[in-house]
Amino acid sequence: MRANKKMDVALSNLLSRQDYLVVQGNDLAKSFGGLKSFEQRVLDYCFSYVTKDSKLDDEYEVSALEIIKHFNLNTSGDSYSRVAQAFKKLNENTALYLPIVEDGINGILMTQLFSRIKFLENGVVRFKFSADSAPLVLDLKEHFYSFKLSELSKINGKYALIMLKLWESHRRGKEKHTTLSADLETWQSWFLGKDKRMPAGRFFADVLVRSIEELEEKLACEFFVTTQKRGRSVIGYEIMITDTSI
């Protein structure tokens, strides 16, 4: 029987429209560009509860007060509401698209990062990663989060957090130099998610430069950016990051 070419095209079109296809644990660190800065930071706080001894079906418990204190927020009702809203957005905006093969046929599994999040009136939050995402989360903890939660807490900007994660996800161990290279569309998908785009000049100034300035100010690192052009049009960027602490 001949393959259904219409379905092949539909699958290809679906892939091209998604902001990120998650293939391995490290990709989780780059797949939620649509989250706001505080939501990114709360997600990292959730990931920090995963340890080398964690199991796939573990449920994790945190308190809103712990999160408020960690981020040096006022212990007011507004702060509790802010934490609650962050978890609501994490529940809504952490869809995952995973490549699968069933009976020799390629496809995409559309799933979620969390299977459930409970937010109780006493401020206790219990969350569990989905059965599909849990192996990736455990792999992420093992192979990606070489930086500490205390380092993450220094970084306030959404774009700086994403740049830090891109750096760590491309880095091999604790190597001194790391190079990131991608076309303009890929860079924008990493930082802006799937629905928002900017002119190249504005993206460079408002996103890349802003993220680099914060990281260079707060961490021991230096960035060198090469703008890739075709004629007068920007088609991508190559960024070399140097860990100056080594």
Non-hydrogen atoms of Leu208 and Ser211 that approach each other most closely: O-OG, 2.8 Å

Measure the acute angle between the ring planes of Trp187 and Trp190, then classify it against the limits of 30° and 60° as parallel, tilted or perpendicular. perpendicular

Are any of the side-chain nitrogens in Glu39 or Lys158 under 4.0 Å away from the carboxylate oxygens of its partner? no

Quick check on the hydrophobic clustering: are Tyr49 and Phe87 connected, directly or via other members, by side-chain heavy-atom contacts under 4.5 Å? yes

When rounded to the nearest 0.5 angstrom, what is the spacing between CG in Leu73 and OH in Tyr80? 10.5 Å

Restricting to non-hydrogen atoms, name the atom on Val125 and the atom on Ala64 that form the minimum distance, rounded to 0.1 Å. CG2-N, 4.5 Å

Scan side-chain atoms only and decide if Ser189 and Thr186 contain a donor-acceptor pair under the 3.5 Å cut-off. no

Residues passing the side-chain contact (heavy atoms from CB on, under 4.5 Å) test with Arg116, sequence neighbours excluded, are Glu59, Lys118, Lys128

Under the side-chain contact (heavy atoms from CB on, under 4.5 Å) test against Tyr237, which residue among Leu180, Leu184, Asp183 passes? Leu184

So CZ of Phe119 and CZ of Arg126: to nearest 0.5 Å the spacing works out to 12.5 Å

In terms of relative ring orientation, are Tyr60 and Phe127 parallel, tilted or perpendicular, with 30° and 60° separating the classes? parallel

Just say parallel, tilted or perpendicular for the rings of Phe129 and Phe114, cut-offs at 30° and 60°. parallel

So, using side-chain contact (heavy atoms from CB on, under 4.5 Å) as the criterion, who are the partners of Asn72 when residues are at least two apart? none

For the CZ atom of Arg197 and the CZ atom of Phe203, what is their distance to the nearest 0.5 Å? 8.5 Å

So, the side chain of Thr94 versus the backbone of Leu90: is there a donor-acceptor pair under 3.5 Å, distance only? yes

dist Thr244:OG1 -> Lys176:NZ (nearest 0.5 Å) comes out at 6.5 Å

Hey, quick one: are Tyr45 and Leu120 part of the same hydrophobic cluster, counting side-chain heavy atoms closer than 4.5 Å, chains of contacts allowed? no

Taking the side chain from Asp58 and the backbone from Lys55, do they hold a donor-acceptor pair closer than 3.5 Å? yes

Does NZ belonging to Lys89 count more than 12 external heavy atoms closer than 6.0 Å? no

Donor-acceptor contact below 3.5 Å, side chain Asp243 vs main chain Ser245: yes

Separation between CD1 (Ile212) and OH (Tyr159), nearest 0.5 Å, reads 14.0 Å

Could you tell me whether the side chains of Asp132 and Ser130 share a donor-acceptor contact shorter than 3.5 Å? no

Any salt bridge linking Glu213 with Arg210? Criterion: basic side-chain nitrogen under 4.0 Å from a carboxylate oxygen. no

Nearest heavy-atom contact between Ile68 and Ser79 is CD1-CB, 3.8 Å

Calculate, to the nearest 0.5 Å, the distance between atoms NZ and CZ belonging to Lys36 and Arg41 respectively. 14.5 Å

Quick check: does any side chain N or O of Glu214 sit under 3.5 Å from a backbone N or O of Ile155, one acting as donor and the other as acceptor? no

Between Thr178 and Trp167, is there a donor-acceptor pair closer than 3.5 Å when you use the side chain of the first and the backbone of the second? no

